[in-house]
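Below is one structure, written out as structure tokens; comments come after it.
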Amino acid sequence: MSAYKTYLKKKFTRSRIYGLIFSLMGVAIVLLYFLTDLNKWLLMISLGYVMGAIFMSNITYQDIRVGSPWPKINACFAVLFYFLSIGLMIYGFTTGELSIV
């Protein structure tokens with residue numbers, strides 16, 4: 001039982017660290033938008049990706065801690081935010097608002 005407890009504690013810690021890192025990245029992206037001349041498209045795509053990553057890291061935590069319905073809800077939101085990021089990239093490139101050069 002001790003090995004399983006250690007394993008769960010590692011998963012909790014890793015999940016919390018990832019959530020904290022991605023949350024700080026989201027705050028940094030918003031601050032960069034207001035303090036510098038960051039592109040609005042880049043802001044929305046980055047925030048969508050960061051929110052998806054936060055929900056993905058929350059899946060692990062909710063699966064262990066709460067029970068079965070919450071990981072599925074978090075997974076749906078994570079996929080939704082990832083699709084939002086991909087959709088914004090595709091829309092930005094097709095309308096000409098975004099470019100590689």
Side-chain angles (χ1 to χ4, degrees):
M1 190 65 177
S2 176
Y4 185 66
K5 189 175 182 180
T6 306
Y7 170 73
L8 287 180
K9 191 171 183 178
K10 269 185 176 177
K11 276 186 100 168
F12 274 144
T13 305
R14 189 178 308 129
S15 176
R16 288 177 182 150
I17 289 171
Y18 287 154
L20 181 65
I21 288 171
F22 285 119
S23 296
L24 290 175
M25 283 175 57
V27 169
I29 290 168
V30 171
L31 283 175
L32 280 174
Y33 175 73
F34 286 115
L35 297 177
T36 63
D37 191 24
L38 189 67
N39 189 353
K40 291 178 187 178
W41 285 94
L42 181 61
L43 170 79
M44 292 304 294
I45 292 168
S46 301
L47 282 179
Y49 177 77
V50 167
M51 289 297 293
I54 289 170
F55 278 109
M56 283 298 267
S57 73
N58 203 18
I59 290 171
T60 304
Y61 181 71
Q62 293 289 335
D63 188 28
I64 297 169
R65 190 76 172 170
V66 177
S68 68
W70 290 106
K72 293 174 185 156
I73 293 169
N74 283 318
C76 288
F77 277 118
V79 169
L80 198 104
F81 277 111
Y82 285 141
F83 281 152
L84 173 72
S85 296
I86 293 169
L88 284 172
M89 279 190 274
I90 292 170
Y91 182 75
F93 282 121
T94 56
T95 58
E97 296 285 330
L98 287 173
S99 67
I100 295 175
V101 180

As an exercise, state the distance from [atom1] of [X] to [atom2] of [Y], rounded to the nearest 0.5 Å.
| X | Y | atom1 | atom2 | answer |
| --- | --- | --- | --- | --- |
| Ile86 | Ile90 | CD1 | CD1 | 7.0 Å |
| Tyr33 | Leu47 | OH | CG | 11.0 Å |
| Leu31 | Leu24 | CG | CG | 10.5 Å |
| Leu20 | Met25 | CG | CE | 12.0 Å |
| Phe22 | Phe55 | CZ | CZ | 13.5 Å |
| Phe81 | Ile54 | CZ | CD1 | 9.0 Å |

For Gly52 and Ala78, work out which heavy atoms get closest and say how close.
O-CB, 3.5 Å
Minimum heavy-atom separation for Tyr18 to Ser57, with atom names?
CB-CB, 3.9 Å
Take atom OH of Tyr7 as the centre, draw a 6.0 Å sphere, and report whether it contains more than 12 heavy atoms from other residues, nucleotides or ligands.
no
Counting neighbours of CE on Met56 that are heavy atoms of other residues, nucleotides or ligands and sit closer than 6.0 Å, is the number greater than 12?
no
Looking at the rings of Tyr82 and Tyr49, which for Trp means the six-membered one, are their centres under 6.0 Å apart?
yes
What verdict does the side-chain contact (heavy atoms from CB on, under 4.5 Å) test give for Leu98 and Asn39, after you've listed the backbone C-alpha separation in whole Å, the side-chain angles of each residue and the deciding distance to 0.1 Å?
CA-CA 9 Å; Leu98 287 173; Asn39 189 353; 3.8 Å; yes
Spell out, yes or no, whether [X] and [Y] are grouped together once hydrophobic residues are joined by side-chain heavy atoms under 4.5 Å, including indirect joins.
| X | Y | answer |
| --- | --- | --- |
| Ile45 | Tyr91 | yes |
| Leu32 | Val30 | yes |
| Val27 | Phe34 | no |
| Ile21 | Met51 | yes |
| Leu35 | Met44 | no |

Ring-face cation of Arg16 near Phe12 (centre distance under 6.0 Å, axis angle within 45°):
yes
Looking at side-chain heavy atoms only, is the closest gap between Leu80 and Leu84 below 4.5 Å?
no
Donor-acceptor pair, Ser46 side chain versus Leu42 backbone, under 3.5 Å?
yes
